[in-house]
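Structure record follows, encoded as C-alpha cells.
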Amino acid sequence: MFVVALDSEMVRLNPPVLTDIDEICTGCQDRSIAEWTTLPAPYMRSDAERFVRHTAPSGWSDRSPTWTVRETDDGPVVGMIGLIARDATAGEIGYLLSPAVRSRGLMTAAVNLVCDFAFRSDGMGMERIEWCAFVGNRASAAVARRVGFRFEGVQRAGLVQRGVRRDAWMAGLLADDPRRPVAGWPGYELINVGSPEVLPRTR
Ligand SMILES: CC(C)(COP(=O)(O)OP(=O)(O)OC[C@H]1O[C@@H](n2cnc3c(N)ncnc32)[C@H](O)[C@@H]1OP(=O)(O)O)[C@@H](O)C(=O)NCCC(=O)NCCS
C-alpha cells in the first residue's frame, strides 16, 4: 500500500522516520502507557529504534500502517496511532498520547482521520475497524465511544500483556456507522437518545 500522511485542523499524522526515534522513546515513558498497552516496559531507546526501522516499515507493506501524531508540521511527536490488519477488510486500531497533550481532543481527531482513511475505497477499503483495550481503560474507551465505535463485550483473558492474560473490552466500527456516541458502553447511561452531547459520563 502507499505510505500516506493524514492531517486535519487539529493533528498531523506521518509515517515514523529515523529522526522521530528519540521523541517516540520519550513519549512512551509514562506509567499509563505501560499500564494500558502491550509495549515493552520499561520502554528503551532500542525499542523505539526497532519500531521505526523495522516494525513500522513492515507494517506499511502489510496493510498495518502506523503514524506519529503531531499538533503542527514542525512540532514534536506527541503520540502514535496505527492499524493492524486482521484480514482483507478488517483491522484493529491502537493509539497513545503523551500526558502533556491529553484532554484536548487530539486523539479523537486522529482516530477519526485514520478511520476515514481506512474505510475509503481509495484508502484501505476496510469494512470494519476493531478496538480492544484492557478492562477499565476508560480514557481509551471514551475516545472510541466518541468516534462512534459500538461496545461489543468483554473477552475474558482476551489480551496478553507482557506474558499475563487480561480481560479485554471489545468494540467495532463499520464503514456506515454514524460517527457519534451510541448506547451500550460500560459506565455510560443513555438518557436522551438523539442528543449525544448531553450524555453524562461516570468514571
Ligand atoms: C487513550 C488516550 C490516547 C486518550 O487520550 P485523551 O487525551 O483522553 O483523548 P483525546 O485527545 O481525544 O481527548 C479527549 C478529551 O478532550 C476533550 N476535547 C476537547 N476538545 C475536543 C474535541 N474537539 N473533540 C473531542 N474531544 C475534545 C474531550 O472532552 C476529552 O476530555 P476528557 O479528558 O474530559 O475525556 C490517552 O489516555 C493515552 O495515551 N493513554 C495511555 C495509552 C492507552 O491507554 N492507549 C490505548 C490502548 S487501548
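One-based numbering, in listed order, for ligands and for the atoms of each. Treat the numbers as computed from the prediction; the structure is a model and nothing was measured.
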Nearest option to atom 33 (O) of ligand 1, as decided by whichever heavy atom of Ser103, Gly94, Cys28 sits closest: Ser103
Flag for Asp62-Ser64: side-chain donor and acceptor within less than 3.5 Å: no
Candidates Asp74, Thr68, Asp73 - the one meeting side chain to side chain donor-acceptor pair (under 3.5 Å) with Arg70: Thr68
Option whose closest heavy atom lies nearest to atom 3 (C) of ligand 1, chosen from Met107, Arg146, Glu92, Arg31: Met107
From the candidates Glu9, Glu35, Met10, Met80, the one that places a heavy atom nearest atom 23 (N) of ligand 1: Met10
Path from Leu13 to Leu106 over hydrophobic side-chain contacts below 4.5 Å: yes
Selected option - heavy-atom contact closest to atom 20 (N) of ligand 1, from Arg102, Arg138, Arg104: Arg104
Heavy-atom nearest neighbour of atom 9 (O) of ligand 1 within options Val143, Thr108, Val69: Val143
Identified side chain to side chain donor-acceptor pair (under 3.5 Å) partner of Ser140 from the options Trp131, Trp169, Trp36: Trp131
Aromatic ring pairing Phe117/Trp67, orientation class (parallel under 30°, perpendicular over 60°, tilted between): perpendicular
N/O separation below 3.5 Å, Asn137 to ligand 1: yes
Ligand 1 N/O within reach of Ile33 N/O, cut-off under 3.5 Å: no
Min side-chain heavy-atom separation Ile33-Tyr43 under 4.5 Å: no
Leu159 with Tyr95, same ILVMFWY side-chain cluster at under 4.5 Å: no
Pairwise distance CZ(Arg50) to CZ(Arg45) - rounded to 0.5 angstrom: 12.5 Å
Proximity to ligand 1 by part of Thr37, non-hydrogen separation under 4.0 Å: side chain
Test of proximity, Ser32 against ligand 1: N or O pairs below 3.5 Å: no
Non-hydrogen atom of Cys132 closer than 4.0 Å to ligand 1: yes
For Leu96, the ligand 1 atoms whose distance to one of its heavy atoms is below 4.0 Å: 39 (O), 42 (C)
Distance-only N or O hit between ligand 1 and Ala139, under 3.5 Å: no
Arg128/Glu130 ion pair, N-O < 4.0 Å: yes
Test of proximity, Trp36 against ligand 1: N or O pairs below 3.5 Å: no
